[in-house]
Amino acid sequence: MSRRNKILVPEARVGLDELKAKLSNVNKEQDAKYEIAKEQGIELTRGYNGEMKAKDAGKVGGSIGGNMVKEMVKMAKGNMK
C-alpha cells in the first residue's frame with residue numbers, strides 16, 4: 001500500500017502549519033522542521049538536503065507528524081465533551 005503525504009483539503013494547510021509551529025515552539029511555521037532536526041541531532045540545512053539519509057529524514061518527519069496527530073486527537077476529544 002502506498003503512502004500519500006498529501007493534504008486532502010488544501011484549505012487546511014494554514015491550520016496544519018500553525019499547529020506544527022505551536023508544537024515545535026517556534027514563531028515561524030517554516031522553522032519547525034529545523035528545530036525538530038536540531039533536537040534530534042540531525043544536520044538539516046536550508047535548501048538542498050539530498051545527501052541526508054532516509055533514516056534521518058524519517059526521524060524528523062515522524063517526530064513532527066506523530067506529535068501533530070496526538071495533539072489533534074486531544075483536541076477532538078475535548079470537542080466531544
Side-chain angles (χ1 to χ4, degrees):
M1 184 167 123
S2 69
R3 294 181 58 179
R4 295 181 203 171
N5 294 326
K6 181 178 168 184
I7 296 177
L8 298 177
V9 181
E11 295 82 11
R13 166 65 65 193
V14 174
L16 289 171
D17 287 343
E18 289 172 359
L19 179 61
K20 186 187 305 181
K22 175 185 165 191
L23 294 174
S24 301
N25 295 321
V26 294
N27 294 328
K28 296 180 186 176
E29 297 88 10
Q30 304 93 322
D31 295 337
K33 66 181 173 183
Y34 300 105
E35 183 65 28
I36 296 290
K38 190 167 85 174
E39 289 173 7
Q40 297 281 336
I42 298 168
E43 190 174 326
L44 183 65
T45 58
R46 296 195 186 273
Y48 180 73
N49 286 289
E51 71 285 344
M52 176 184 270
K53 295 178 185 176
K55 177 180 159 184
D56 291 338
K59 284 182 184 177
V60 175
S63 178
I64 293 171
N67 288 334
M68 289 177 66
V69 170
K70 287 177 192 174
E71 184 65 22
M72 286 187 273
V73 167
K74 190 165 87 174
M75 290 167 51
K77 284 182 179 179
N79 288 337
M80 290 173 61
K81 292 182 181 178

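Listed for the Asn49 side chain is a donor-acceptor partner under 3.5 Å among the backbone atoms of Thr45.
Cluster membership for Ile36 and Val26, using ILVMFWY side-chain heavy atoms within less than 4.5 angstrom, is not shared.
Residues Asn25 and Glu35 form no side-chain contact, since every pair of their non-hydrogen atoms from C-beta on lies 4.5 Å or further apart. Taking the side chain as every heavy atom from C-beta outward, Leu16 and Met72 approach each other to under 4.5 Å. Between Glu43 and Lys38, the closest side-chain pair of non-hydrogen atoms is not below 4.5 Å.
With values rounded to the nearest 0.5 angstrom, Lys55 atom NZ is found 9.5 Å from Ile42 atom CD1. Asn27 contributes atom CG, which lies 14.5 Å from atom NZ of Lys22 (distance to the nearest 0.5 angstrom).
Applying the side chain to side chain contact (heavy atoms under 4.5 Å, CB included) test between Val73 and each of Lys70, Glu71, Met75, Lys77 identifies Lys77 as the sole match.
Between Lys20 and Asp31 there is no salt bridge, since none of the side-chain N atoms of the basic residue sits less than 4.0 Å from a carboxylate O of the acidic one.
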